[in-house]
Protein chains: 2
Amino acid sequence: MDLRIDVHSPEPSYLQLAARLRAAIESGEIGPRQPLPSLSRLVQETGLAGNTVRHAISVLTEEGLVYTVRGRGTFATPRQA
Amino acid sequence: MDLRIDVHSPEPSYLQLAARLRAAIESGEIGPRQPLPSLSRLVQETGLAGNTVRHAISVLTEEGLVYTVRGRGTFATPRQA
DNA sequence: ATGCATTTGTTCGTATGTATG
DNA sequence: GCATACATACGAACAAATGCA
C-alpha cells in the first residue's frame with residue numbers, strides 16, 4: 001500500500017490519504033472486517049499529523065467504507081450481500 | 001523529586017516532565033537500574049494525563065536514558081563503564 | 001491453577017491553540 | 001473568515017506482561 005503524500009499537490013493531504021485508503025479497500029487489498037493500519041502507523045508512514053490522519057479516516061467513515069472500534073482499530077466495512 | 005509542572009509555561013508539559021526526570025537520573029537521585037515512578041504515580045503527582053506522561057518517557061527512551069519492561073516498570077539505563 | 005492488582009502498550013476520541021494560504 | 005495542517009493535551013477502552021497471594 002503506497003501511502004506517500006505529495007505535500008506540494010493542490011489536493012489536501014487528508015484527501016490524498018483518504019483516496020489511497022479507499023483504493024486499498026475497493027481493490028480488496030484491505031478485505032471486509034480487515035483492519036486499516038493504525039493511526040500511529042499512518043502517522044509514521046505518511047509523515048502527517050495525527051489529526052490530519054483522523055480527518056482522512058473520518059471521510060471514509062462518512063462514506064460508510066470503514067468503521068472504528070475504540071481501543072481496537074478501524075476496519076473495512078463488510079459490503080452487504 | 002519535584003515533579004510539579006507549570007501549566008502556564010510556554011514549555012510543553014511533557015518536555016517539562018522529561019527535564020525533571022532527566023535531572024533526577026543525571027543527579028543520581030535515580031541510580032542505574034533503579035525504577036522511575038510508575039506511570040500512574042506520575043499521573044497522580046503531576047496532574048498530567050497518561051498519554052502526556054508517556055510522551056515524556058518516550059523522550060527519555062529515545063535519548064537512551066531509560067528502558068522499559070512491560071509489566072515491571074521503567075528504569076534508568078545503566079551507564080556503560 | 002487461579003485470580004487479582006500493578007504496570008506498561010496500543011488504540012481511538014476530543015478539544016484547544018497556532019500558523020498558513 | 002475559512003479550510004488546512006501541525007502540536008499539544010486530556011480522556012477512555014482494550015490488551016498484555018508481571019508478580020503475588
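Please read these numbers as outputs of a predicted model, since none were measured by experiment.
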#### Entry: Proximal nucleotide (of D:dT8, C:dT8, C:dT11) relative to the B:Ser38 side chain
C:dT8
### Query
Is the shortest side-chain N/O distance from A:Ser40 to OP1 or OP2 of C:dT11 below 4.0 Å?
yes
### Message
Going by purine N1 to pyrimidine N3 plus the second Watson-Crick contact, or the G-U wobble pair, all under 3.5 Å, which nucleotide sits opposite C:dA15?
### Response
D:dT8
### Query
Is any side-chain N or O of B:Thr68 closer than 4.0 Å to OP1 or OP2 of C:dT8?
no
### Query
DNA chain D: A:Leu48 or B:Glu11, which has the more 5' nearest nucleotide?
A:Leu48
### Message
Output the rounded distance in Å from CG (A:Leu36) to C1' (C:dT10).
### Response
16 Å
### Message
Check this one for me: any side-chain N or O of A:Tyr14 less than 4.0 Å away from OP1 or OP2 of D:dA5?
### Response
no
#### Entry: Proximity to the side chain of A:Thr52 - top-ranked nucleotide from C:dT8, D:dA5, D:dC10
D:dA5
### Query
B:Arg72 side chain N/O closer than 4.0 Å to the phosphate oxygens (OP1, OP2) of C:dT8?
no
### Toward the 5' end of DNA chain C, by each residue's nearest nucleotide, B:Gly71 or A:Arg41
B:Gly71
### Ion pair check, A:Glu26 and A:Arg22, cut-off under 4.0 Å
no
### Query
Backbone N or O of B:Gln16 within a donor-acceptor pair of the B:Arg20 side chain at under 3.5 Å?
yes
### Query
Using purine N1 to pyrimidine N3 plus N6-O4 or O6-N4 for Watson-Crick, or N1-O2 and O6-N3 for G-U wobble, each under 3.5 Å, what pairs with C:dA1?
none
### Task
May I have the distance from A:Asn51 (atom CG) to C:dA19 (atom P), rounded to whole angstrom?
17 Å
#### Entry: Test item: B:Glu45 side-chain N/O and B:Leu3 main-chain N/O as donor-acceptor pair under 3.5 Å
no
### Message
Taking the minimum atom-to-atom distance to the side chain of B:Arg54, which one of C:dT8, D:dT8, D:dA7 wins?
### Response
C:dT8
